[in-house]
Amino acid sequence: MGQISVIVTVYNKEDYIQKCLDSLLQQSYQDFEIILINDASTDLSKEIIERYHDPRMSCYHLDTNVGVSKARNMGIDHASNEFIYFMDGDDYLAPYTLELLLSNVGEDHLIGASIFKAGKIDIPTEIGEDSYHLRRLRGGRKIKALRRRSATNFLIRKDFVEWHQLRFDEEATFYTDLSFSIPAIVNSEEIPMISGVPTYLKGECYDPIDHPTLMLHSVEEKLPDLFYIYHKMKLSYGETKSISRYLDLLLLNYYSKSITNKATKEPSVLFDHFTALKNCLALVAPGRIKRRNLVERREHRLLQKGKKEAVLKSMKFRVRLRQWRRALRKKHLLMRQLYRTVLVKMPMKERKVLLESFGGKGYSDSPRYIYEELLKSNQKYDYLWVYDKQKKDIPGNPKQVRRLSPAYYYHLATAKYWVSNARMPNFAIKRPETVYLQTWHGTPLKKLAADMKEVRMPGTTTEKYKRNFYNEAQKWDYLVSPNDYSTQIFRRAFKFGKEMLDVGYPRNDILYLPDEEKKSRQQEIKTKLGIPADKKVILYAPTWRDDEFHGKGQYKFDLKLDLKKMQERLGDQYVIALRMHYLVAEHIDTTDMSDFVYNLSDYGDIAELYLLSDVLITDYSSVFFDYANLRRPILFFTYDIEKYRDSLRGFYMDFENEAPGPLLRTSEGVLDAIENLERIEIQYESKFNAFYDKYCHLDDGYAAKKVINRVFEPEKAEV
Ligand code: C2G
């Protein structure tokens, strides 16, 4: 069966296991067996594994969950080859990994290589001798082989494992790898280690809230495990200086950061584990404690004397000290610290409403229409609009505050109401008295938040993005939904459990003005923009691509619509209103086509552009759900649909079948469709009606009123 036994343990890894197994089966070195232990998964992992029929695979599907330690030990018992290699079912390998390890192991008992976090790492297809470093770790330096405390990515001789009876401690889960790796390291003279090239990729965690990876579990869950392993390893291997130092630092660092942070918020974490903590810390070498700072040293003495309350007080002091020390380094951190410690304790202003749209980019979208309705209703509130770069022209002359300015922090802390259509900053603290009305900004076609699998945006990881999103959505008191379809999705994707306002979108109220008024608004906007009255308007409003960016929040856009050709063929009847998504930073140069293309990317509110236009071209943007309210024709320019649908985002609905207009792949196709709009409208009539009934059923022109009736002062606004 070859030279390597790869032991793969799997528990509920339906989203990852295929990538893991494919990466194994596509190794440049093929002489291995796979021993797969499915630890009683309750998801589709088993079904996915059963699709593989490779003779090198032996799969053991357990009936009851035994935990990762026992599952790996079972794998060791079944292994029949010269080498053992452990993998977790959510990780994957670069194609050359096994070959690289095997060709460098020589006569050694084991060889290791660095572990990389998957996500934005580039994996070379092939590597040569100069693409990596090979170091031999000796003496105290062998400790470096405990990378990420993981027993994965070692190629280990089976007879070495048997000789030293290396096993995973079945009493432990989170820190069990140390029970295997520490004796392996202690018993090896030298350890060759490969670095500088990605080999083993730790898969991203796609669901940090409901299915966190082991290391993302809470401090309370991990504590007993850490104490147990620390104790056991310290007693067995503590005479080896480097191991003792490693274990002491592991415990002390966890104590001074994670345990402390948690205990200051939930003192029971400290009190419930006090004795175990005290006993473990008593084993730490006195010299190690001496190197901690004064406050921590004093705290350790209090701990040993059993003074729980005094320890907690000292922990709180340390946390505050650390926060202020960090805050003094940068102005914005200082502001945040003042916000956290002083401003949020100031009296709440009961009549203050803080509004923002797209993080201050616009005076637009549902917050705008809710605000205008509030103004009309004559309710006496103090309004504050948040702006990003420039103040806006806003009726009613409200106060405007620049995002992240000192005044912003003050108003954020003291406004009774927050109204926003997108996420607020992560640091925003919702006080118990704050009322947070979240309107969101579109019926979802593309997958959202927790429903996304991988997040490809710059400056974040899947885990971080989803955790932040979850924390944000838990702050919302009310969420506006445009239709039943969105309600269902929002509940799941945002994990939102509070009050859903199923009232349609305030931003779409304007689309239900009487026909005459709509016409006059259309003329008004045309005049304002200098568009000739006799020209019809094509609105092109595409969305952004998660994976095409210059930097954080700065997305690229490659315009594929052939504007020159459109001008040639349509120029005497039409003009184009070009509207880039607010996240797109690309400046599209249309100077030589100024009488045909109107770049309205900075135009405040897109709803007015809907009114202005006679036909919409979009792609996967939620704009078409809103535009359908007008019952005007919609074309989809979907030149990259496969990539967008299958690898970038994924769709919620059967877009190709339900779309209320044709999906066109080429600029030429778009042109033809515009020249044949009437025919297309007839062709799509029944689809359009079905679409309208499903997605526009709540919009009736009164959404803003309904929202303020529920959230603000009910008796005063009338529907
Ligand atoms: N928008 C715009 N101009 C565009 C595209 C979008 O003004 N060219 C506005 C519309 O109001 C639209 C909103 O931004 O409804 C959201 O845009 P999407 O393209 O749908 O993308 P995204 O911001 O990712 O939001 O549930 C909806 C999703 O969250 C999508």
Side-chain angles (χ1 to χ4, degrees), residues 356-359 361-369 420-423 438-452 455-457 465 469 472-473 479-483 485-494 496 500 504-511 538-549 553 555-557 559 561 576-586 588 598-613 616-630 634 636-638 644 648-653 655 695-696 699:
E356 74 171 35
S357 174
F358 299 119
K361 287 203 174 76
Y363 168 61
S364 62
D365 212 69
S366 293
R368 166 180 169 169
Y369 295 98
S420 175
N421 70 342
R423 290 190 287 156
Q438 173 58 241
T439 67
W440 200 239
H441 51 267
T443 295
L445 163 67
K446 40 183 161 159
K447 295 235 167 129
L448 279 178
D451 285 342
M452 287 164 79
V455 175
R456 304 265 187 90
M457 299 164 205
Y465 179 83
F469 222 123
E472 162 74 17
L479 174 59
V480 181
S481 170
N483 42 49
Y485 156 89
S486 299
T487 297
Q488 269 187 16
I489 294 171
F490 289 168
R491 284 248 178 255
R492 191 189 53 242
F494 297 142
F496 175 72
M500 191 74 76
Y505 264 160
R507 69 183 188 184
N508 290 344
D509 287 349
I510 184 179
L511 309 178
I538 302 166
L539 171 62
Y540 180 42
T543 197
W544 55 296
R545 271 71 180 157
D546 306 41
D547 66 337
E548 293 173 30
F549 47 81
Y555 290 83
K556 295 182 186 171
F557 191 82
L559 188 76
L561 210 53
I576 294 212
L578 195 61
R579 166 75 173 199
M580 288 297 122
H581 189 275
Y582 55 91
L583 292 176
V584 168
E586 211 75 76
I588 292 167
Y598 292 77
N599 195 339
L600 302 177
S601 303
D602 292 330
Y603 190 91
D605 192 35
I606 194 172
E608 294 190 352
L609 303 183
Y610 298 156
L611 282 185
L612 165 76
S613 63
L616 168 73
I617 307 171
T618 185
D619 45 17
Y620 326 105
S621 174
S622 60
V623 298
F624 67 93
F625 292 103
D626 302 279
Y627 196 79
N629 281 293
L630 287 172
I634 304 174
F636 295 88
F637 184 29
T638 50
Y644 202 95
L648 214 49
R649 271 291 182 107
F651 294 152
Y652 281 115
M653 60 178 230
F655 180 48
Y695 300 102
C696 305
D699 280 328

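As the structure lists them, so they are numbered: ligands from 1, and atoms in each ligand from 1. Only this structure's heavy atoms are used, side chains among them; waters, hydrogens and symmetry mates stay out.
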Does ligand 1 have any N/O atom under 3.5 Å from a protein N/O, and what are those pairs and their distances?
unit_1, atom_1, unit_2, atom_2, d
ligand 1, 3 (N), Arg579, NE, 3.4
ligand 1, 7 (O), Arg579, NE, 3.1
ligand 1, 7 (O), Arg579, NH2, 2.9
ligand 1, 8 (N), Pro542, O, 2.9
ligand 1, 8 (N), Arg579, O, 2.8
ligand 1, 8 (N), His581, N, 3.3
ligand 1, 11 (O), Arg507, NH1, 3.1
ligand 1, 15 (O), His441, O, 3.2
ligand 1, 15 (O), Arg507, NH1, 3.3
ligand 1, 15 (O), Arg507, NH2, 3.0
ligand 1, 15 (O), Ser622, OG, 2.8
ligand 1, 17 (O), His581, NE2, 3.3
ligand 1, 19 (O), Thr543, OG1, 2.6
ligand 1, 19 (O), Ser621, OG, 2.7
ligand 1, 20 (O), Ser622, N, 2.8
ligand 1, 20 (O), Ser622, OG, 2.6
ligand 1, 21 (O), Lys446, NZ, 3.0
ligand 1, 21 (O), Thr543, OG1, 3.4
ligand 1, 21 (O), His581, NE2, 3.3
ligand 1, 23 (O), His581, NE2, 2.9
ligand 1, 23 (O), Tyr582, OH, 2.8
ligand 1, 24 (O), Lys446, NZ, 2.9
ligand 1, 24 (O), Trp544, NE1, 2.9
ligand 1, 25 (O), His441, NE2, 3.3
ligand 1, 26 (O), Trp440, NE1, 2.9
ligand 1, 26 (O), Gly442, O, 2.7
ligand 1, 29 (O), Trp440, NE1, 3.3

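- Judged by a 6.0 Å distance limit and a 45° cone about the ring axis, Arg649 is not positioned over the six-membered ring of Tyr644.
- Other residues, nucleotides and ligands contribute more than 12 heavy atoms inside 6.0 Å of the CD atom of Glu548.
- Looking at Asn599, its side chain does come within 3.5 Å of a backbone N or O of Ser601 through a donor-acceptor pair.
- In plain terms, the two heavy atoms of Asp546 and Phe549 that are nearest each other are O-CD2, 3.4 Å.
- Proximity of a side-chain donor or acceptor of Ser366 to a complementary backbone N or O of Arg507 within less than 3.5 Å is detected.
- Here Tyr582 pairs with Phe358, Lys361, His441 under the side chain to side chain contact (heavy atoms under 4.5 Å, CB included) rule; sequence neighbours left out.
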